[in-house]
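Input: a single structure, listed below in structure tokens.
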Number of protein chains: 2
Amino acid sequence: MEGVDYHADERSKAEFDVEAMKIVWAGSRHVLEVSDRIARLVASDPVFRKDNRAILSRKELFKNTLKKAAHAWKRIIELRLSEEEASKLRNSVDEPAYTDLHWGMFVPAIKGQGTEEQQQKWLPLAYRMQIIGCYAQTELGHGSNVQGLETTATFDPQTDEFVIHSPTLTSSKWWPGGLGKVSTHAVVYARLITDGEDHGIHGFIVQLRSLDDHSPLPGITVGDIGMKFGSGAYNTMDNGVLRFDQVRIPRNQMLMRVSQVTREGKYVQSNVPRQLIYGTMVYVRQTIVADASTALSRAVCIATRYSCVRRQFGSQNGLETQVIDYKTQQSRLFPLLASAYAFRFVGEWLKWLYTDVTQRLQANDFSTLPEAHACTAGLKSITTTATADGIEECRKLCGGHGYLHCSGLPELFAVYIPACTYEGDNIVLLLQVARFLVKTVSQLPSGKKPVGTTAYMGRAEHLLQCRCDVQRAEDWLKPNVILEAFEARATRMSVACAKNLSKFSNPEDGFAELSADLVEAAVAHCQLIVVSKFIEKLQQDIPGKGVKRQLEILCGVYTLHLIHKHLGDFLSTGCITPKQGSLANEQLRSLYAQVRPNAITLVDAFNYTDHYLGSILGCYDGNVYPKLYDEAWKDPLNDTVVPDGYHEYIRPLLKQQLRTARL
Amino acid sequence: MEGVDYHADERSKAEFDVEAMKIVWAGSRHVLEVSDRIARLVASDPVFRKDNRAILSRKELFKNTLKKAAHAWKRIIELRLSEEEASKLRNSVDEPAYTDLHWGMFVPAIKGQGTEEQQQKWLPLAYRMQIIGCYAQTELGHGSNVQGLETTATFDPQTDEFVIHSPTLTSSKWWPGGLGKVSTHAVVYARLITDGEDHGIHGFIVQLRSLDDHSPLPGITVGDIGMKFGSGAYNTMDNGVLRFDQVRIPRNQMLMRVSQVTREGKYVQSNVPRQLIYGTMVYVRQTIVADASTALSRAVCIATRYSCVRRQFGSQNGLETQVIDYKTQQSRLFPLLASAYAFRFVGEWLKWLYTDVTQRLQANDFSTLPEAHACTAGLKSITTTATADGIEECRKLCGGHGYLHCSGLPELFAVYIPACTYEGDNIVLLLQVARFLVKTVSQLPSGKKPVGTTAYMGRAEHLLQCRCDVQRAEDWLKPNVILEAFEARATRMSVACAKNLSKFSNPEDGFAELSADLVEAAVAHCQLIVVSKFIEKLQQDIPGKGVKRQLEILCGVYTLHLIHKHLGDFLSTGCITPKQGSLANEQLRSLYAQVRPNAITLVDAFNYTDHYLGSILGCYDGNVYPKLYDEAWKDPLNDTVVPDGYHEYIRPLLKQQLRTARL
Ligand SMILES: Cc1cc2nc3c(=O)[nH]c(=O)nc-3n(C[C@H](O)[C@H](O)[C@H](O)COP(=O)(O)OP(=O)(O)OC[C@H]3O[C@@H](n4cnc5c(N)ncnc54)[C@H](O)[C@@H]3O)c2cc1C
Ligand SMILES: Cc1cc2nc3c(=O)[nH]c(=O)nc-3n(C[C@H](O)[C@H](O)[C@H](O)COP(=O)(O)OP(=O)(O)OC[C@H]3O[C@@H](n4cnc5c(N)ncnc54)[C@H](O)[C@@H]3O)c2cc1C
């Protein structure tokens, strides 16, 4: 970051202490220190360069990823990094790799579903990476509907083994990351069959490849499923296909924490409650929400910095207007900036929720689990959807240059979007939330008190009839006013759905028929959660000059842009009047003006290195044009002045000699 | 399309004559015949295969494109194809190439801006492809603001030449397609300077490369600007960078139809009106709208067919539910299907408008030009935005498998999205529309009658106070009811903007401050145009069993989904009541049920070959799973069972020998 800072002027406008904001964003001074140190370590290591990803062939790209993963592990060992540091290092490398699944799914699956004994056997191997594991659930024919998986695990009492088998083409495992070319082991989900009886889906640890020469074990067919969206991006990952032809594994490789198969082939449930498994789900989805805020903030950082550099039209003192000064640009960009912060805080809260749920589970208290489950499912859905859309909007905000790979935005989009699909398709998840909401509403008359994020429904009677008393634009800055408007909207939409459902003689028919409305009610509920957690955050003590003030402004932007975007919801449920809607819009405009001078510093607070950001448009010093120009010449097409193919395919055409040319 | 048809059941459900619908979609029996014949020709020619695009390196990809372009031209000559057939063939090849710019921008620029003499000199060369041209307007520093371009063309009276020069880094031409590696010539836009006076931006024909050996001429630096979004996709195009170091061209290579420079260096305007140039703009944007319907229909075709194949959850007669039967899936997919048809018809109408405008221009009638200009700009903006979003939604509708390159959707998205940016950034265009609307409103009191697509504003008085009289859901099927609701919404939003603007003492300040609202008013106006053209289409005679009925249903879906999506607009302007909004929603649901049995046939009517569609998920016969499975193994990563890199980067890790390994 040496040299001229072309953003210096912009930075000098900030009305708050950026270092303090960095701590807020990171979560603590400690986390900031670790992230910062590790990110710089990675950025300065030539093995981790990533600017050549788009021009590598699939094989080169993949080999390069293997190299980075090995190098990362080597550094982790050499530097004796803590678990926190190691995980931060993997993040900073910023390239999907088999290690994501090994650490993020394989290990947690064994931890969550393995017995003590199994954990003792497998985890040390996994921790030392003497085995590499993946998570093989999805099949060609089944993803969302896990209960429909077709792979079978049939117990053979004669040999005390399970026979893992792929009975159909559609039962081929399909998608697991790290499976295609790397993993030596997998947690495989299959229908457990004992004595002809089908006990549904269970997890099994299966070795896939020889630890000697990496060749697939007998009966196993395994490979990569091919190119995915974009260049670079997720193609560094070996998402795989896997078929079993009667593969035998010892009985003790079924994950037996919750249910077991005995030596005699009897299927028994342990006294560990099934719900425990949901703990892992809450955990994984919490990380996805945190990742959403990271991905969105990267895109916003790029678009914000470039919008300060880019000048187009107008003219003040001879210079054209910075495009960030256009209100249309602000009205597209600043809500995304605010959303990045909003998702950060709700992610932080989810981390707390996970701890809370875990503690309760350990105390055999399952009361908050359904609510926690619905809430994480819903938050995963709305934050990933908003992030995917937001990244693409940021790309458009950069005009033509956003379309260049070196803007960083194409790859960020391509690598991010599957988050809308994996760990639960976003629509399927919202339908689960809706089901929970309808149930909550239906239990209200019985006096059952809704808990946690649905507690507000306990005040349904009030919320169904309250009137918003905003009279001037500034009234929209009052947290209580905002909160009540969002609570009223969510309640009214849920209650309306419940009412309409009651008109159907068969509730399932009703649920199916009204599912689009139900999804909208679920979104309203989940947005309320984000809003309320942002507001709660602001009730905490937040040190640093001007920091809290900035967050208040962002909170206003976040909430009021939602009101504007979903105005139909608020008006049709009578939560606010058209006049109040237009006051909200007015207030929003004035908040944009308040964000404007702080915009660049608000994205500096994310503390991303240029390496991590991977964007010429978003580079810290704002020296965009020379860098763009230099980058262009690196394309392989520029290796020669006259392109390969000229003599065969251009010259004959110009010379009118095509008829005789051999193409 | 031989073999088993896995969609046969679906196809048998259709309630209309698909062959008749194909004619409606194509525009005429003749166009259908040509498209069909040429598409099959291309599909059956191995040179035009495109399934390997994602795994080719940039150089291979580009060379392959050169080959296809030459082969296409060879076939065009050999088969003596008509202009219509030739252009259809280039479309069917379905790969961005320098020829797009040569035929689509270079030739039209000379036609539109060149004198008779210039046309006679250059067009025959271009028609025979003895020269290849591109359109070099945008620079590193300026795209939207054409008047800000920095390249200079200084007249030298001594030699009767222009000196073309790039005075700054940001004046480098940047983006022109076909420029990087292929074009021999370009229409270059530069500031014309005579005798020290700057006359603004003009076009010049500049030779870039030697016709002998293709090397850049002296003073010219030219190259490719590097990778863009995605793999395959637009990377087949050599978007280029170009710098001039005092390059001299003869005076007669300035495009002089509208203004000239004399031998003495005097700048003179011809009597040809400047506005003529807008004709070309209307033409180009009309083709973009047509392309939007094509791109969206491709995505919809893929998602619809796959949604019929894909079964997940539920169980009827042992089979799971086709995901197309889920109302959430329908509420996401069917509006896009309806939009594809809607954009088709508005595109057709734009073609008529172009002819109309051209005829008027020739008769020196410029009265409809501003309106035609605003309307094409606006339609370009809203159709391309909806299409870009729609393609990505279709990808999500395909769950995990939509993320595979072989689903065809990633590349379709990557190649399509720049349409939101080129030929006018969509927001900048909407601001132009808004300006026009505000002007129209401001002239109403003076009695000036708005024309064409703004004619409805002549009834502003009525539209500002009318009340929608929908009482039952079915009332929403009446074209007049729909039309009035959209007219009222557009009028009220424009008038509200005008009113708010009048509160500012400086109108430009007001316009800047309220620009986000103005954009929304422009969108409302443009959506009304699409709606009204769809309704007009239905007033024509449409032959074929059940065809008109289907289009009526789709028109209902299109309009009612817009009301649902923009409910805030309709409610806040008081155009409809909340109750009426919910009736619209109810009607929409019932329309979805009517679309359902016809869905697959409605996409068959697009008549796309499997080659053109380029999607395994969307293949005509629906035999998705075996094809997906086979496709996977073609990835280069599967060339070997043990991946390249195993010995260096996986084995040492598993064997705990990393410390000593050299990475
Ligand atoms: C990049 C990537 C990485 C992955 N990694 C792994 C991995 O490591 N391990 C692993 O096991 N899997 C992995 N997966 C698979 C992933 O978990 C599934 O793709 C995901 O669960 C979605 O399931 P699906 O593909 O079956 O979607 P589908 O269920 O087929 O979705 C298709 C459409 O149907 C709709 N739909 C489905 N059910 C319903 C319903 N009941 N009601 C209404 N609509 C419905 C959906 O909304 C969607 O629009 C990965 C996927 C991707 C893309
Ligand atoms: C694939 C591709 C192919 C192309 N091919 C060609 C070609 O063949 N020849 C050629 O000459 N050019 C070509 N271009 C360039 C293209 O025409 C420009 O990129 C386009 O005009 C947008 O301009 P820009 O990049 O300057 O965007 P910018 O104007 O820099 O846009 C950046 C942001 O600023 C906003 N903004 C700008 N002005 C205003 C305003 N007044 N008010 C409010 N907001 C504003 C925009 O909305 C956008 O969000 C191509 C571009 C692409 C991506």
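Protein chains get the first letters and strands the later ones, always in sequence-line order, with residue 1 at the start of each.
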- Task: Under 4.5 Å, counting heavy-atom pairs only, tell me which of D569(B), L66(B), T184(B) racks up the most with chain A.
- Result: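 With the most close heavy-atom pairs to chain A, the winner is L66(B).
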
Can you check whether [Y]'s main-chain N or O pairs, donor with acceptor, with [X]'s side chain at less than 3.5 Å?
| X | Y | result |
| --- | --- | --- |
| Y422(A) | G400(B) | no |
| Q312(B) | H142(A) | no |
| R311(A) | G141(B) | no |

- Query: Does the ring-ring contact (aromatic ring centres under 6.0 Å, His included) test come out yes or no for F413(B) and F413(A), once each step is laid out?
  - Reply: CA-CA 12 Å; F413(B) 182 77; F413(A) 182 78; 5.3 Å; yes

- Can you name the ring-ring contact (aromatic ring centres under 6.0 Å, His included) partners of H214(A), sequence neighbours left out?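 Expected list: Y646(B).
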
- For the pair K74(A) and L653(B), evaluate side chain to side chain contact (heavy atoms under 4.5 Å, CB included) and give the outcome as yes or no after the intermediate values. CA-CA 8 Å; K74(A) 191 177 178 189; L653(B) 193 137; over 6 Å; no

Which atom pairs, one a donor and one an acceptor, fall under 3.5 Å between side chains of residues 631-638 of chain A and the rest of the protein, sequence neighbours left out?
residue: E631(A); atom: OE1; partner: K634(A); partner atom: NZ; Å: 3.1
residue: W633(A); atom: NE1; partner: Y629(A); partner atom: O; Å: 3.4
residue: D635(A); atom: OD1; partner: L637(A); partner atom: N; Å: 2.8
residue: D635(A); atom: OD1; partner: R58(B); partner atom: NH1; Å: 3.2
residue: D635(A); atom: OD2; partner: R58(B); partner atom: NH1; Å: 3.1
residue: D635(A); atom: OD2; partner: M227(B); partner atom: N; Å: 3.4
residue: N638(A); atom: OD1; partner: D224(B); partner atom: N; Å: 2.8
residue: N638(A); atom: ND2; partner: A632(A); partner atom: O; Å: 3.0
residue: N638(A); atom: ND2; partner: D224(B); partner atom: O; Å: 2.8

Need one label for [X]: side chain, backbone, both or neither, based on atoms under 4.5 Å from any heavy atom in chain B.
| X | value |
| --- | --- |
| L431(A) | side chain |
| N585(A) | side chain |
| S572(A) | both |
| Q130(A) | both |

- Item | Atom of P643(A), atom of F62(B) and distance for their closest heavy-atom approach |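 Taking every non-hydrogen atom into account, CB-CE2, 4.1 Å.
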
- Task: For R589(A) and D517(B), run salt bridge (Lys or Arg N to Asp or Glu O under 4.0 Å): C-alpha distance rounded to whole Å, both residues' side-chain angles, the deciding distance at 0.1 Å, then the answer.
- Result: CA-CA 10 Å; R589(A) 264 205 310 274; D517(B) 295 351; 3.2 Å; yes

